[in-house]
Amino acid sequence: MLRKVQAIIEEEQNRAGAIEMLMPTIQPADLWRESGRYDAYGREMLRIKDRHDRDMLFGPTNEEVITDIFRKSVRSYKQLPLNLYHIQWKFRDEIRPRFGTMRSREFLMKDAYSFDLNKQEARRTYYKMFVSYLRTYFRMGLTAIPMKAETGPIGGDLSHEFIVLADTGESGVFCHADMLEKAIPPIDVDYEGDLSPIVDDWTSLYAATEDMIDMEEFERDVPQDKRVAARGIEVGQVFYFGTKYSEALNAQVTGPDGKEVAVHSGSYGIGLTRIVPALIEAFHDEDGIKWPVSVAPFEVALLNLKSGEGSCDDVCESLYAQLNNGGIDVLYDDTSEGAGAKFSTADLIGIPFQLIIGPRGVKSGEAEIKHRRTGERESVPLEGAAARLSALIKPERRDKI
RNA sequence: CGGAGUAUAGCGCAGUCUGGUAGCGUACCAUGUUCGGAACGUGGGGGUCGCAGGUUCGAAUCCUGCUACUCCGACCA
């Protein structure tokens, strides 16, 4: 699942014009002294020494490193805009890690860092990431709501958190109910065009976390029957922070007028190791997980109800090959468990479709398809099973819309 | 760091109050009957009761001190 989540993020980042790279996990303390954050950052920063007794740290975030890379390699405004991202492990020595990987000290994050000549250009980049995030969560099957956010220790004046509603969420959230139904920008959205109508639309309705909520404003702007007060999981955040690091670290380019100017930056994070538990929170029932197709570990669970029985084995092996050849991810359960155990296990691990093959069906030339999400079942002829599954699965991948 | 709880078989738990050398479910092994929603019978293996010390004829159980984990608060993707 983690890899599928990562692939979706990469595709949508690339589509929005960001470029993938990889930064180190261990960073020199001197860079952080330059930005002033070495002392500003609290005990959450894990500080270590190398063999030369130099102060190092396990990166809690990467603004300093990327700004250093930028200042050493970019000289002219003609090289802008630039938006670089990486997917890398980070470490924050949390006071209290909890909820499995929801809040762990070591976690995998996608971070994009943008560099623009001025604030107007930086805002355009911010909008690209905003739209890209809407698409990214949608493709994973999640409804993520952008909410006004505090800018925190990173600083800056434009920031949104993306929140997935879940009863077990860490923070209270308040929003207009229509936020949950908004249309997602399509695959052919023009990232070079004017994105402000989309962003304006998505930020026109009230949505805020408990840290930012203004109850009077909420009650004034949102009709009573549209008020949603719930709990949510933060799955991403976008910041514009201007010249905060470029000034501290001297990241300048020569502008069109021949003068040196500090670049305007933003950063855009998605916590991959948090997305996975958020998905499980969003998609489960009393029997187990119900993965959306786009992030499921497998798309089909092929259940051989009587493995070892010649005709069942033959049919299953043929279907397994057909599905694989058709580009479908299949998990083949050919264990010697009883039928009931196989059903329950498939439900538990949440594969979106079960293709059920038993002696009864083989005799009558039929297979059964169970939709994990809805519980719906359908009978299909054995010859048509692979094609039927392919038709069910491909639109659910959400990779073409 | 403050508050609360837990630690006994691979996993989930009971037993601790009232001390007598450990049990249930599940999983595992063998075997027979089952075979489309986690089947049933019979037989079997598996535990220094978190660690260290103390009380006692005898400690999973009582006392003291540790350690680890979980939950609540402060931190945050």
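In the text below, chain A, chain B and the rest are named by the order of the sequence lines, each starting its count at 1.
Between B:C24 and B:U64, the two C1' atoms lie 33 Å apart (nearest whole Å). For the C1' atom pair drawn from B:G23 and B:A14, the interatomic distance equals 7 Å after rounding to whole Å. Nucleotides B:G10 and B:C28 have their P atoms positioned 15 Å apart, rounded to a whole Å. With C1' as the reference atom, B:U8 and B:U16 are 11 Å apart, rounded to whole Å. Annotation: B:G19 and B:U55 have their C1' atoms spaced 11 Å apart (nearest Å). Distance noted for atom P between B:C17 and B:A77: 49 Å (whole Å). Distance check on atom C1': B:G25 versus B:U61 gives 23 Å, rounded to whole Å. Atom name P, nucleotides B:A60 and B:G53: the rounded distance is 14 Å, in whole Å.
Contacts of residues 161-174 of chain A with RNA chain B (heavy atom under 4.0 Å): none.
Within the structure, ring pair (Phe, Tyr, Trp, His ring centres under 6.0 Å) pairs that include any residue of residues 291-326 of chain A comprise A:Tyr320-A:Tyr332 (at least two apart or interchain). Pairs of residues two or more places apart, or lying in two chains, that qualify as salt bridge (charged side-chain N to carboxylate O under 4.0 Å, His left out) and include a residue from residues 277-298 of chain A are A:Asp285-A:Arg372. Within the structure, the ring pair (Phe, Tyr, Trp, His ring centres under 6.0 Å) test picks out the following pairs touching residues 172-222 of chain A (sequence neighbours left out): A:Phe174-A:Phe218, A:Tyr206-A:Phe218. Within the structure, every pair that satisfies the ring pair (Phe, Tyr, Trp, His ring centres under 6.0 Å) test and touches residues 357-383 of chain A, not counting sequence neighbours, is listed here: A:Phe353-A:His371.
Taking atom NZ of A:Lys306 as the reference point, atom P of B:C35 lies 7 Å away to the nearest angstrom. The nearest whole Å value for the distance from the OH atom in A:Tyr137 to the P atom in B:A77 is 12 Å. Going from atom CD of A:Gln88 over to atom C1' of B:A77 covers 15 Å, rounded to whole Å.
Partners of A:Lys90 according to the salt bridge (Lys or Arg N to Asp or Glu O under 4.0 Å) rule, which considers only residues two or more places apart in sequence or in another chain, are A:Asp111. Legend: residues meeting side-chain hydrogen bond (donor to acceptor under 3.5 Å, both in side chains) with A:Glu299, ordered by chain and number and at least two apart, are A:Arg397. In this structure, A:Asp334 has no side-chain hydrogen bond (donor to acceptor under 3.5 Å, both in side chains) partners at least two apart in sequence or on a different chain. Judged as a side-chain hydrogen bond (donor to acceptor under 3.5 Å, both in side chains), and not counting sequence neighbours, A:Tyr137 has no contacts. Evaluation of the salt bridge (Lys or Arg N to Asp or Glu O under 4.0 Å) rule for A:Lys110 yields no partner, not counting sequence neighbours.
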* Candidate pair A:Lys4 and A:Asp329, rule salt bridge (charged side-chain N to carboxylate O under 4.0 Å, His left out), full reasoning -> CA-CA 12 Å; A:Lys4 290 203 176 180; A:Asp329 284 342; 2.9 Å; yes

* To do: For the pair A:Glu34 and A:Arg71, evaluate salt bridge (charged side-chain N to carboxylate O under 4.0 Å, His left out) and give the outcome as yes or no after the intermediate values.
  => CA-CA 13 Å; A:Glu34 269 194 78; A:Arg71 70 182 173 182; 3.0 Å; yes

* To do: Run the numbers on A:Ile328 and A:Leu389 for side chain to side chain contact (heavy atoms under 4.5 Å, CB included), then give the verdict.
  => CA-CA 9 Å; A:Ile328 305 289; A:Leu389 280 167; 5.7 Å; no

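Mapping A:Thr273 and A:Ile357 onto RNA chain B via the closest heavy atom, the residue that lands nearer the 5' end is A:Ile357.
At the heavy-atom level, A:Glu234 lies under 4.0 Å from the strands shown only through sugar-phosphate atoms. Using a 4.0 Å heavy-atom cutoff across all strands shown, A:Gly42 reaches no nucleic acid atom at all. The residue A:Ser336 sits apart from the nucleic acid: no heavy atom pair falls under 4.0 Å.
B:C66 is paired with B:G50 under the Watson-Crick or G-U wobble criterion, all donor-acceptor distances under 3.5 Å. Under the Watson-Crick or G-U wobble criterion, with both distances below 3.5 Å, B:G19 is left unpaired in every strand shown. Pairing partner, B:C1: B:G73, with both Watson-Crick or wobble hydrogen-bond distances short of 3.5 Å. When both pairing distances are held under 3.5 Å, B:G43 makes a Watson-Crick or G-U pair with B:C29.
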Heteroatom pairs (N/O) under 3.5 angstrom, protein to nucleotides 37-39 of chain B:
{"unit_1": "B:G37", "atom_1": "O6", "unit_2": "A:Arg377", "atom_2": "NH1", "d": "2.6"}
{"unit_1": "B:G37", "atom_1": "O6", "unit_2": "A:Arg377", "atom_2": "NH2", "d": "2.5"}
{"unit_1": "B:G37", "atom_1": "N1", "unit_2": "A:Lys370", "atom_2": "NZ", "d": "3.3"}
{"unit_1": "B:G37", "atom_1": "N2", "unit_2": "A:Asp347", "atom_2": "OD2", "d": "2.2"}
{"unit_1": "B:A38", "atom_1": "O4'", "unit_2": "A:Gly340", "atom_2": "O", "d": "3.2"}
{"unit_1": "B:A38", "atom_1": "O4'", "unit_2": "A:Ala341", "atom_2": "N", "d": "3.4"}
{"unit_1": "B:A38", "atom_1": "N7", "unit_2": "A:Ser344", "atom_2": "OG", "d": "3.4"}
{"unit_1": "B:A38", "atom_1": "N1", "unit_2": "A:Thr345", "atom_2": "OG1", "d": "3.4"}

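Using a 4.5 Å heavy-atom cutoff, the side chains of A:Tyr126 and A:Tyr268 are in contact.
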* Structure fact -> Per-nucleotide protein contact along nucleotides 68-74 of chain B, 5' to 3', at a 4.0 Å heavy-atom cut-off (B base, S sugar-phosphate only, - neither), is ---SBBB

